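Here the structure comes first, spelled out in C-alpha cells, and everything after it is commentary.
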Number of protein chains: 2
Amino acid sequence: MDEPITYTVKGAAIETGLTEDTIRYYEKIGLLPRAKRKPNSHRVYRQEDVETMRMITCFRKTGMPLESMKPYLQLSRGEDLSSHPELYSMMEEHKRKIEHQIASLQQIVDFLDLQLQSGGTHLHKESCTLAEPEKRPPDPRFPI
Amino acid sequence: MDEPITYTVKGAAIETGLTEDTIRYYEKIGLLPRAKRKPNSHRVYRQEDVETMRMITCFRKTGMPLESMKPYLQLSRGEDLSSHPELYSMMEEHKRKIEHQIASLQQIVDFLDLQLQSGGTHLHKESCTLAEPEKRPPDPRFPI
DNA sequence: AGTTGACTTGGAGTCGGCTCCAAGTTGTAC
DNA sequence: GTACAACTTGGAGCCGACTCCAAGTCAACT
C-alpha cells in the first residue's frame with residue numbers, strides 16, 4: 001500500500017507559509033490539536049493537518065481572532081454541522097460579517113481609484129463613509 | 001456667517017464609534033495631527049477631522065497597521081498626489097493588496113456557503129486554498 | 001567519540017493597539 | 001465657595017499573537 005505523505009514541522013511550515021514557531025504556538029494554545037509524535041518525539045503532520053493550517057491562515061486574513069476560530073476548526077475535523085445549530089448560526093453570522101468587510105474593502109479600492117485617477121487634483125474623503133450601522137464604541141467585529 | 005460645526009473629543013467619539021481614549025491615542029502616536037485647542041486646552045475637531053477618523057476606521061478594517069496609514073492620511077490632508085510618485089505607486093500597490101484580500105474573503109464566504117448549504121454532510125476543506133503566491137514566512141500583508 | 005542538525009520543551013520578551021488610571025485644570029450650577 | 005462634569009496630561013498595564021532563547025534529546029555522519 002502507498003504510504004500517505006507526512007510532514008515535519010519544517011515541511012509543514014514551508015507548505016503553509018507559517019513559521020515553525022507559529023505552528024508550535026498554535027498547538028500550544030490549542031488551535032491545532034496535539035500532533036502525533038514519532039518515537040523521537042518529533043511532530044508528524046498529515047495532509048489533513050496542513051489543510052487545517054491553511055484554513056487558519058485563510059481565516060486569519062479576515063482578522064478573526066485565533067480563539068474564535070477554534071469552533072470552526074473543530075467542526076471541520078469530522079463534526080457534523082447539522083447537529084450543532086448554534087455553530088450553524090455562528091457561521092451564518094460570521095459570513096455576514098465578512099460580506100460587510102468586503103464592502104468596506106471595496107470602498108477603499110474605490111477611494112484609492114478616485115485618488116489615483118484624479119492625478120492628485122485634491123482630496124476625496126467623502127467615499128469611505130460606509131461606517132457601521134451601529135455606532136456604539138465596543139467595536140463589534142468579532143464578539144462571538 | 002454660519003459657524004462651522006465642531007466637535008469635542010466626546011462628540012467626535014460618538015460620531016465615529018472610536019473611544020475618546022483611542023482618539024487621543026491616535027493623536028499621541030501622530031496618526032491624527034495635533035488637534036486645535038480651545039483656550040481651556042480642550043481639543044476641538046472639525047468635520048474634516050471626523051472624516052479623517054472615519055477613514056482610519058475604514059482602513060483599520062482592512063487590517064492595515066496604523067503606522068502604514070500615515071502617508072495616506074497626510075496625503076488626504078491637502079497634499080498633491082501627482083507630486084509624490086512614490087506615494088502614487090504605494091497606493092497602486094496597496095490597491096492590489098486589498099483586491100487580493102477581497103478575493104481571499106470571497107473564498108471564505110464561499111467556504112462558509114458550502115458548509116452551510118450541505119447541512120453538515122461533512123467537511124469541505126479543499127476550498128479556502130488560494131494561499132499566497134509567495135510562500136516565504138515573513139508575512140507580506142503590509143510591509144510598506 | 002565528537003560534531004552537526006533537526007527537532008523537543010518551558011518560559012521570557014516584544015510589539016501593536018489600545019485601555020485605564022491618578023492628578024490636575026477649567027467652567028457651570030447651585 | 002463648593003461641588004460637579006468635562007476635559008487635560010503622562011504613564012502604567014493589558015491582551016493577542018507571535019518570536020526568541022536556553023537547555024536538552026536523538027540520529028546520522030566522520
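Since we're looking at a predicted model, the values are computed, not measured. So you know, we letter chains A, B, ... as the sequences are listed, proteins then strands, and number each from 1.
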d(CD1, A:I23; C1', D:dT19) in whole Å:
14 Å
Among D:dC7, C:dC18, C:dT9, which nucleotide sits nearest the side chain of A:R37?
C:dT9
Ignoring backbone atoms, establish whether A:T8 has a side-chain N or O less than 4.0 Å from OP1 or OP2 of C:dC7.
yes
Test item: B:R24 side-chain N/O and B:T19 main-chain N/O as donor-acceptor pair under 3.5 Å
no
Regarding B:R24, tell me which of base, sugar-phosphate or nothing describes its non-hydrogen contacts under 4.0 Å with the strands shown.
base
If the plane angle is over 60° it's perpendicular, under 30° parallel, otherwise tilted; pick one for B:F59 and B:H94.
tilted
Sub-3.5 Å donor-acceptor pair from the side chain of A:T22 to the main-chain atoms of A:L18, do we have one?
no
Given DNA chain C, 5'-ward residue of the pair B:S41 and B:L66, judged by closest heavy atom:
B:L66
Closest nucleotide among C:dC18, C:dC7, C:dT26 to the B:Y26 side chain:
C:dC18
Between A:E15 and A:Y45, does any side-chain donor sit less than 3.5 Å from a side-chain acceptor?
no
Atom-pair distance (CG on A:N40; P on C:dG5), nearest Å
18 Å
Between C1' on C:dC18 and CD on B:E67, what's the gap in Å once rounded to a whole number?
15 Å
Given C:dT9, D:dC7, C:dA6, which nucleotide is nearest the side-chain atoms of A:R43?
C:dT9
Nucleotide D:dA17, atom P - distance to CG of A:L31 in whole Å
9 Å
Using a heavy-atom cut-off of under 4.0 Å over every strand shown, decide if B:I29 touches base, sugar-phosphate, or nothing.
nothing
Is any side-chain heavy atom of A:E93 closer than 4.5 Å to one of A:K97?
yes
Rounded off to whole Å, could you give me the CD-to-P distance for the B:E20 and C:dT19 pair?
13 Å
Within this structure, what is the CE-to-P distance between A:M69 and D:dG16, rounded to whole angstrom?
13 Å
For a quick check of understanding: with a heavy-atom distance under 4.0 Å over all strands, which category does A:D21 fall into, base, sugar-phosphate or nothing?
base
Return the value, rounded to whole Å, for the distance between atom OH of A:Y25 and atom P of C:dA12.
16 Å
Walking DNA chain C from its 5' end, the first of A:H42 and A:K28 to be reached, judged by nearest nucleotide, is A:H42
For atom CG of B:L32 and atom P of C:dC18, their distance in whole Å
11 Å
